[in-house]
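Here the structure is laid out as structure tokens; the discussion comes afterwards.
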Amino acid sequence: MSRLLVVNTSQLVTLAGPARPRIGAELRELAIIPGGAMIAEDGVIAAVGTRSEIEPQAEDAEVIDAGGRLATPGFVDAHTHLVFAGNRADEFEKRCAGATYQEIAAQGGGIRSTVRKTCAAREDQLLQAATRHAKWFLQGGTTTIEAKSGYGLTIDDELKILRVIRRIGQTTSLRTVPTFLGAHEIPEEYAGRADDYISLVTEEMLPRIADEKLAEFCDIFCEAKVFNLDQARRVLSAAKSHGLGLRMHADQFTSFGASDLAAELGAKTCDHLEQTQPASIAALTAAGIQPVLLPGSVYAIGSHKYPDARAMIEAGLAIVFATDFNPGSSPTTSMRTVMSLACTQMKMTPAEALTAATINAAYSLNRGHESGSLEPGKAADFVIHDAEDYRELPYFFGDYQAVAVFARGLQCIAH
Ligand code: NIG
Ligand code: FE
């Protein structure tokens, strides 16, 4: 048996608490153990407590000395577009000169330009690109991500992307939770025939993907000029009948009832929500849906309209923060950057931001039993940061790399 003893932390932020996502004032309860220590056995947390409680139980353990630094659970990123070819630095330059994200999309750029490059790439090339992205996530202290397909838009290319997502979970230390996002954009060859493309998604793609167990969730980009409510209902209902959980890109640029549909269909999460109206917040609360908020995408497209996180917390929603890592609207893998934006732009406290980036995110991926907090029985996914106090995580902004990252008790990053 391999046994690990973590000692000499400044704070061991455990996020221990009720076995469910945290709401209201619970979002500020981090269950911090000053100078805390932890034992992990074969990659699973065995004991957590003060150093004097824990050290005597840890005979023969390999000692990890945190050097008086902060230790937290690994971040859980509940919304990413991990697998794509190339990047869109060219469009970024155009946006810097005044073009908007939507104007670029309307001219055939945006998601479609990444689809062209991703379809042209072989599976091994995509695996190489995704491995590079996975390393960025791990270096920043993220140990679990949700990862969506959606830059293929043909059966073969969507399957290719989902297989790469699975391979990343097998060949790197980053845990991946796969989501099928075949309805991310209307493919060029289906221009003016979005309903026909939706039939391809529901009748051919979904059965194949469910059959090969390549996804746990299904998502759709429900937005003006992309997919409407009827089309979203068709895709999500079909996904549900195949046993997939539901997520939804909703209310990003326009609000026309997408989040209400997510509530009606019992989605697990509803993501973006920049334009969500108070009545829809109430519908999400009544349906027990977790909002996944993506401030990195608001920042990076140069918008100022962040989701109303305070109203959502007040309503009792178990909010989640995620990067939305993608080559267009949110080219960042940094959960610390997302937490910083949550605090400065959305008036979250650092504690609320950390809860939304760990335990609440884990529950939104059906991983609350194994990730998101440091409690006995859970995976030993933890991070030692170059900080003493958890509030420094969003306070120092920019891309800070973690000092050490452990996934299932194995060190995968050392700086
Ligand atoms: O979540 N909104 C749709 N999808 C992504 C953007 C994808 C892209 O621009 O490539 C998002 O923001
Ligand atoms: Fe997204």
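Side chains included, hydrogens not; waters and symmetry mates left out as well; all remaining heavy atoms used. Order of appearance sets the numbers: ligands from 1, and atoms from 1 within every ligand.
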Ligand 1 to Q252 polar contact by distance, N or O atoms, under 3.5 Å: yes
Before signing off on this row, confirm whether R88 and ligand 1 have an N or O atom pair separated by under 3.5 Å. yes
Give a yes/no verdict on whether any heavy atom in [X] is under 4.0 Å from an atom of ligand 1.
X    : answer
N326 : yes
E185 : no
Y151 : yes

Would you call E26 and R20 a salt bridge, using N to O less than 4.0 angstrom?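 Yes, this pair counts.
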Which residue and non-hydrogen atom of the protein lie closest to atom 4 (N) of ligand 1, and at what distance in Å?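 Looking at atom 4 (N) of ligand 1, the protein heavy atom closest to it is H184 NE2, 2.9 Å.
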Identify, for atom 6 (C) of ligand 1, the protein heavy atom at the shortest distance, and state residue, atom and that distance.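 Heavy-atom neighbour on the protein nearest atom 6 (C) of ligand 1: Y101 OH, 3.1 Å.
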With respect to the Fe ion (ligand 2), what is the nearest N, O or S atom of H249? NE2
Any donor and acceptor pair, going by atom type alone, linking the side chain of T14 with main-chain N or O of A31 inside 3.5 Å?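 Yes; judged by distance alone, with no hydrogens or angles, the pair exists.
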Kindly say whether L200 contributes a backbone atom to a donor-acceptor pair with the side chain of E203 at under 3.5 angstrom?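 Checking the backbone N and O of L200 against the side chain of E203, no donor-acceptor pair under 3.5 Å is found.
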For Y395, look at atom OH and say whether over 12 heavy atoms of other residues, nucleotides or ligands are found less than 6.0 Å away. no
Examine the proximity of ligand 1 to E223 and report which part, side chain or backbone, both or neither, has a heavy atom under 4.0 Å away.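 Near ligand 1, E223 shows nothing, with every heavy atom at 4.0 Å or more.
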Which bit of S297 gets closer than 4.0 Å to ligand 1, counting heavy atoms only: side chain, backbone, both or neither? neither
T254/D251 under side chain to side chain donor-acceptor pair (under 3.5 Å): CA gap, chis, key distance, verdict: CA-CA 5 Å; T254 45; D251 306 343; over 6 Å; no
Proximal ligand 1 atoms for H79, defined as those under 4.0 Å from one of its heavy atoms: 1 (O)
When you draw lines from the Fe ion (ligand 2) to NE2 of H79 and to OD1 of D324, what angle lies between them, to the nearest 10°?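 The angle at the Fe ion (ligand 2) comes to 80°, rounded to the nearest 10°.
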Can you see whether Y190 has R193 sitting over its ring - NZ or CZ less than 6.0 Å from the centre and within 45° of the normal?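 Yes, a cation-pi geometry holds between R193 and Y190.
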